[in-house]
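Everything on this sheet refers to the single structure shown next.
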Amino acid sequence: MGINIALDGPSGAGKSTIAKMLAKKMQYVYVDTGALYRSIAYYVISKGVDPKDSDSVVPLLEDVNVQLTYADDAQHVMLNGEDVSDKIRTPEVSMGASVVSAIPAVREFLFALQQNIAKENNIIMDGRDIGTVVLPNADVKVFLTATAEERANRRFKELSEKGDSSTYDEVLRDIIQRDYNDTHREIAPLKKADDAVEVDSTHLSLEESVEEIYKIITEKTAGTKQEGKRKIRQLPKVDPVVKGKKLSPVKMFFYRILGLIVMGIFKMYYNLSFEGRENVPTDGSNIFASNHRSYTDPVLIALPTRVPCTYMAKEELFKQNIFFKWLITAFGAFPVTRGNGDTAVIDTSIEKLNSGKNLVIFPEGTRSKDGTVGKGKTGVALIAALAQVPVIPVGINFEGKLKFRKKIIVRFGKPISPEELNITSANPRELKRLKGIIMDEITKLVY
Ligand code: DC
């Protein structure tokens with residue numbers, strides 16, 4: 001699996017030019033997904049079919065074979081063996097692409113192709129739904145915008161230079177129409193992913209936009225990955241954690257009492273049960289890695305443990321209000337900046353494990369709305385590998401939303417030991433393997 005960078009945004013925001021420059025700078029493969037939709041539109045138009053006539057468009061897909069090839073540092077689109085890279089750049093094909101891209105069968109047709117390319121390489125993929133649909137787990141997501149007028153201005157210049165006779169007003173009209181099509185279609189509409197960083201290029205030069213996005217990418221991938229070469233990151237110097245350091249007896253006493261009270265309240269309120277409790281170590285300095293369903297998850301995991309747990313919580317939660325900040329801090333939370341290869345978080349995690357506490361991590365980074373378990377980030381594997389402590393997989397199960405008397409089952413799996421798996425360094429390949437094992441085990445514990 002390569003490093004995936006998703007660059008989305010409306011037509012004419014400069015995505016392809018910028019992505020190309022970045023790909024060159026970072027030695028990534030640039031994938032222009034718009035070209036795929038364009039090649040379908042081109043084929044449809046060449047067969048004399050109206051792109052709006054979806055009933056006629058869909059059967060044509062059977063005769064289409066689209067491939068992306070790379071030669072001389074450039075992407076070439078091969079349509080049934082013919083290189084159509086230049087032919088798909090006309091205003092007619094642009095509008096046709098915007099229309100055919102709203103047809104679900106067309107999107108489905110191109111979906112696997114895009115995902116497969118991303119699996120194999122370090123890529124920068126530009127499009128409309130890359131961060132939201134095609135690569136929801138991309139390492140970095142950028143949403144590039146600019147006003148419609150500025151985009152029309154740029155496109156108009158570009159077309160004029162190529163000898164196209166379209167007027168500025170026509171270009172602007174086209175852009176507004178495509179914006180409308182792309183944002184209003186039912187399937188995979190153009191929209192910013194929640195975790196994407198927005199860059200407005202209206203007042204930025206091309207070089208400034210590239211610099212800005214490059215900065216975002218390097219900040220976000222700092223550590224795990226660098227510029228296409230899979231280097232071992234600059235890691236903090238860490239000695240393996242000495243397991244099970246004893247906490248003060250007074251603290252332990254209060255922790256047990258608090259645990260019993262909260263367990264009582266939770267059992268009264270919910271229909272709560274635990275499975276695999278024998279897998280919960282009685283000593284401390286363990287990592288609990290769980291799927292993430294609700295804000296009560298940290299408590300559900302901590303209840304059957306005998307040693308206090310600490311957990312990473314997203315930075316935003318600490319900014320809500322003073323009381324909430326106090327409350328979550330009292331319950332052992334510490335802030336993490338999402339998407340950052342934040343070495344301070346690693347230091348803090350190791351410190352907590354060294355103090356004898358357990359560490360709860362939600363590798364998916366965010367709560368799952370529908371209960372499915374996501375791909376997860378490698379951070380959990382990194383901490384486990386550096387600290388050389390076991391990871392106990394946890395599956396939190398309930399249907400729908402949490403409410404009174406809701407049946408909740410919390411399952412604990414067998415500890416996963418980096419040492420037994422022979423994972424003793426932060427080698428990216430090994431971390432990926434460990435993360436894969438952890439996520440698989442969590443998934444098995446979720447029904
Ligand atoms: O990026 P572009 O202008 O070459 O894209 C052409 C059309 O294809 C655009 O109007 C919307 C559509 N498209 C899409 O729906 N999803 C993508 N990932 C890329 C492009």
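Both counts, for ligands and for their atoms, begin at 1 and track the order of listing.
Side-chain atoms of Asn321 come within 3.5 Å of backbone atoms of Phe324 as a donor-acceptor pair (strictly under, hydrogens ignored).
Near Asp182, with a cut-off below 4.0 Å to any heavy atom, the atoms of ligand 1 are 9 (C), 10 (O), 11 (C). Taking a cut-off of under 4.0 Å to the non-hydrogen atoms of Ser101, the atoms of ligand 1 that pass are 11 (C), 12 (C), 15 (O). Taking every heavy atom of Gly127 and a limit of under 4.0 angstrom, the matching atoms of ligand 1 come to 17 (C), 18 (N), 19 (C).
An N or O contact shorter than 3.5 Å is missing between Gln114 and ligand 1 by distance. For Ser11, no nitrogen or oxygen atom sits less than 3.5 Å from a nitrogen or oxygen atom of ligand 1, counting backbone and side chain alike. Considering backbone and side-chain atoms together, Asp32 places no N or O closer than 3.5 Å to any N or O of ligand 1. In terms of N/O distances under 3.5 Å, ligand 1 is not approached by Ser94. Considering backbone and side-chain N/O atoms, Arg185 comes within less than 3.5 Å of an N/O atom of ligand 1.
Other residues, nucleotides and ligands contribute only 12 or fewer heavy atoms inside 6.0 Å of the CD atom of Glu92.
Scanning the protein heavy atoms around atom 7 (C) of ligand 1, the nearest turns out to be Ala97 CB, 3.7 Å.
Ligand 1 lies nowhere less than 4.0 angstrom from a heavy atom belonging to Met95.
To the nearest 0.5 Å, the span separating NZ on Lys432 from NZ on Lys435 amounts to 7.0 Å. Rounding to the nearest 0.5 angstrom, the gap separating the CD1 atom in Ile328 from the CZ atom in Phe334 is 11.5 Å.
Ring geometry, Phe274 versus Phe412: the interplanar angle falls under 30°, so the pair is classed parallel (tilted spans 30 to 60°).
A cation-pi contact links Arg293 to Phe398, judged by a cut-off of 6.0 Å to the six-membered ring centre and 45° from its axis.
Contacts of Arg128 with ligand 1, taken as heavy-atom pairs under 4.0 Å, involve both backbone and side chain.
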Steps toward side-chain hydrogen bond (donor to acceptor under 3.5 Å, both in side chains) verdict (Thr221, Asp139): CA-CA 7 Å; Thr221 55; Asp139 301 86; over 6 Å; no
